[in-house]
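Please read the structure below before turning to the comments.
Counting starts at 1 for both ligands and their atoms, following the listed order. What you are looking at is a predicted structure, and each value in this text was computed from that prediction instead of being measured.
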Amino acid sequence: MDEHNRPIHTFQVCNVMEPNQNNWLRSNWISRQAAQKVYVELRFTLRDCNSIPWVSGTCKETFNLFYHETDEAHGVKFRPAQYTKIDTIAADESFTQMDLGDRILKLNTEVREVGPINRKGFYLAFQDIGACIALVSVRVYYKKCPFTLRNLASFPDTVPRVDSSSLVEVRGACVDHAEERDTPKLFCGADGDWLVPLGRCVCSVGYEEIDGSCVACRPGFYKAYAGNIKCSKCPPHSFSYGDASAICRCEKGFFRAEKDPPTMACTRPPSPPRNLIFNLNDTCLLLEWSPPSDTGGRRDLTYNVQCKRCGPEPDHCQLCEDELRFLPGPLGLTNATVTVLDFSAHANYTFEIESLNGVSDMSSFPRQVAIITVSTDQGGPSLVGTLKKDWASPNSIALSWQQPEQTTLPIIDYEVKYYEKEHELLSYSSTRTKAPSVIVSGLKPATWYVFSVRTRTAAGYSSYSPKYEYETTGDSSNMASDQGQVLVIVTAAVGGFTLLVILTLFLLITGSEYFTTYVDPDTYEDPTQAVHEFTKEIDPSRIRIERVIGAGEFGEVCSGRLRTPGKKEIAVAIKTLKGGYVERQRRDFLREASIMGQFDHPNIIRLEGVVTKSRPVMIVVEYMENGSLDSFLRVSVGVLQNSGMIISSDSLKISQHDGHFTVIQLVGMLRGIASGMKYLSDMGYVHRDLAARNILVNSNLVCKVSDFGLSRVLEDDPEAAYTTTGGKIPIRWTAPEAISYRKFSSASDAWSYGIVMWEVMSYGERPYWEMSNQDVILSIEEGYRLPAPMGCPVALHQLMLHCWQKERNHRPKFTDIVSFLDKLIRNPSSLLPLPESPGEEMDYPMFISVGDWLDSIKMSQYKSNFMAAGYNTLDSVARMSIEDVRRIGVELIGHQRRIISSIQTLHLQLLHEHEKGFHV
Ligand code: ACK
């Protein structure tokens, strides 16, 4: 009976009384099959010799296990001498007579390894030498790694090696409709477990992965590339009827150009050009037209011009492209204009302008063209003379010009085009007039505008006159004073122009380094070109990755070392691009490197190079031991959360035990950041995401600006600010004009710089604490500003407030910030902390002087008036009324207003200084 009291069959022997036992039991022949190593599991019971009286000397408590390899069965023949011993088997548990009486069977299980076995099969044999045993079962087995599916590859049953320390490498076979990406492999371990998956298969075109197999794309969907992507819906104007489509076919009338990717919508040829006009003078004929109303869904729009010269009979026409000269050419024009030269006088030319795009050749529809006939007898309109400003007010400017002298055709009217000088490329307006003069109204006060005029006759437009720049007057100055200023402005303009010419000549002579400006990698048609141009490719064997230090937007950030032949090995940070990226991610990732590679400044993170020719793609930059500034500050504040800064009177050292820095150290860090930003703004680069988290700190506390990712947000893309990954506007750091209408500039960077100052002086506190973004926006709009962090020197908070002026032109330039901070560092007594209690007499030792303030609001001419009247501190200025301003001799109403409004802001800011806390 077994332990469950069921009857079992056993082989038994119990000749314990008789000496010299030698009893054998042999198995049938066992085929080895695929096994190399075989396991034998024995279950048996064994009786304790002590429990049997009179058997000492003859009773044994073990038996022996043998095996013999052969290629075939031997039948009944049995020769023990051929057998090899595997082991002597003893029982872990033996039983006594008493146990038997209680029917407790102590079953032993022993497993032995046999092998390697090289013949086709083997026998097992058991030798009894006088024990009392019952052999209950013998199980013979081998181990294998079982068939499995991993990473879309199947791996067959695999038998492990005999040597348990080495693994069997198995190559997987891709499942149906899948193909190899990197050879899929698994390793079979000695215990039959699969280990270390490598490589993978991916679903082929037309198939996507669903639960470990590749399933065909449904009708209406397609998958054009093999890879770990899903089937996509057919792009517009295309369809797929069957399953497993690799590409969607275009609807009738729509096409795909040879180089169009399968992901692109099908497109059609454009409609013809519109509003074709000409403009003729003695030697040259200008044809101009507007782009077609339907571009067919493509951007590769070009135009071809065909010329026909017709005799008196309308059907006697000849092609005439060869007689004429076309600038830039007759075919493949990208601009909606062409100049025609070398035409004969007294002839009739007919020009046909055709719009084309990348699929025009594929359509069998007859092409439509815009036609114009030009008779070279008539002259076109000519240019107008000088454009004069007659007068200007805050909202309008009056202009006049001389009428063109020789016009064969009567002038229909003039078109005046104008735009704000600062927004040159954004938009322009135009107005028409029949007289050679105009009053342009609806302008902004104190703003420069650019004007030019062209004439229109029946033969079309003349070209535009040269550009003239004029400024509207300040907001509330009266007309009389405006008239008075005309002369001043004209003189200044002439003077300024002369200066510009001299400066340009100087720069041309002294070399070109002054002209280094930042080049947006997005302006490259092929972004990899920008990567080539601005970065160095590093051979990955020169890089040693040591450890992971963080997670970036695109993958891990690691630290490591970079070897450069002939140079000392340096510590570097390595940003990696995670595997499985799409092309767009790779481009965005490398974009940062193309930007960084253009900079060379001690306060800008230095690019060592990139790895793009092998995987993983990496960006290698200098290593900054202290990581990002915000966490660095927060860690340093450590234990004492609310201590603020303590400046002892004799030195500016802060007591060491609280882990803070000296104010001078903090100002030094801020100065570094400002200097880096000055460099960027001089290069014409707008950062858009200046914040302590994007500043890195090295072991010498040098701060460097990093993170050049966000600047990809495009001015003219209304989606970009919110949809690109991480492209959300960082509200708390961003100037109001950048939040509300995405006016990013070095002035909005200056606002962010003020916030960084606040972060630094508050040791990494979150700007506006836990307020919601919406509340931050509203309270800024209402005029509230962050108060000085505890213990922050007045002069620094004043600088922050200066950076947070609503009017962006009033904010300091980075060059002003650098020199202001330099002044503070040279004159540390200016860094006294803020007075603790309200009502105390305020004194602003290093606050921008009255002179600096007047400069900042462009009222420098009144410096001596303020000084003479004794207003030499801003505190006294803040108390001035409009009468006071008049009394010291500011006569123009516009200037009085400008000064008073700035005083009001000043006053508000000073009030804030006295307020404890932040009111919402
Ligand atoms: O605050 P951290 O320590 O500083 O954690 C982040 C993390 O990688 C993810 O961006 C750190 N990091 C980034 N660039 C560098 C660098 N050049 N040197 C040292 N640490 C860096 C950053």
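Within the 4.0 Å heavy-atom criterion, the part of A573 lying near ligand 1 is the side chain and not the backbone. Contact annotation: for D630 versus ligand 1, there are no heavy atoms closer than 4.0 Å.
Salt bridge annotation for R544-E546: present, with a cationic side-chain nitrogen under 4.0 angstrom from a carboxylate oxygen. Using a cutoff of 4.0 Å between basic side-chain nitrogens and carboxylate oxygens, E608 and K536 are not scored as salt-bridged. In this structure, E737 pairs ionically with R811, as a charged nitrogen and a carboxylate oxygen lie closer than 4.0 Å. K223 has no carboxylate O lying under 4.0 Å from a charged side-chain N of E208, or vice versa, which leaves the two without a salt bridge. A salt bridge does not link D182 with R200: none of the charged nitrogens is closer than 4.0 Å to a carboxylate oxygen.
Put simply, atom 19 (C) of ligand 1 has protein non-hydrogen atoms near it, under 4.0 Å away.
Regarding atom 21 (C) of ligand 1, its nearest protein heavy-atom neighbour is I549 CD1, 3.8 Å. Protein heavy atom at the shortest distance from atom 9 (C) of ligand 1 is A551 O, 3.6 Å. In terms of protein heavy-atom proximity, atom 14 (N) of ligand 1 is nearest to L696 CD1, 3.6 Å. The protein atom (non-hydrogen) at minimum distance from atom 7 (C) of ligand 1 is G550 CA, 3.9 Å.
Checking only distances, E622 does come within under 3.5 Å of ligand 1, N or O to N or O. No N or O atom of G627 sits closer than 3.5 Å to an N or O atom of ligand 1. Remark: ligand 1 and Y623 share no N or O pair separated by less than 3.5 Å (distance only, no angle test).
Aromatic pair Y685/Y679: ring centres not closer than 6.0 Å. A centroid separation of 6.0 Å or more is found between the aromatic rings of Y581 and F589.
Checking side-chain atoms of E759 against main-chain N and O of A692 turns up a donor-acceptor pair under 3.5 Å. Looking at Q529, its side chain never comes within 3.5 Å of a backbone N or O of D526 through a donor-acceptor pair.
Every atom of ligand 1 with a heavy atom of V621 under 4.0 Å away is listed here by number and element: 17 (N). Near V557, meaning under 4.0 Å from one of its heavy atoms, ligand 1 places the atoms 8 (O), 9 (C), 10 (O), 13 (C).
Comparing heavy-atom distances from atom 4 (O) of ligand 1 across S631, A571, S628 singles out S628 as nearest.
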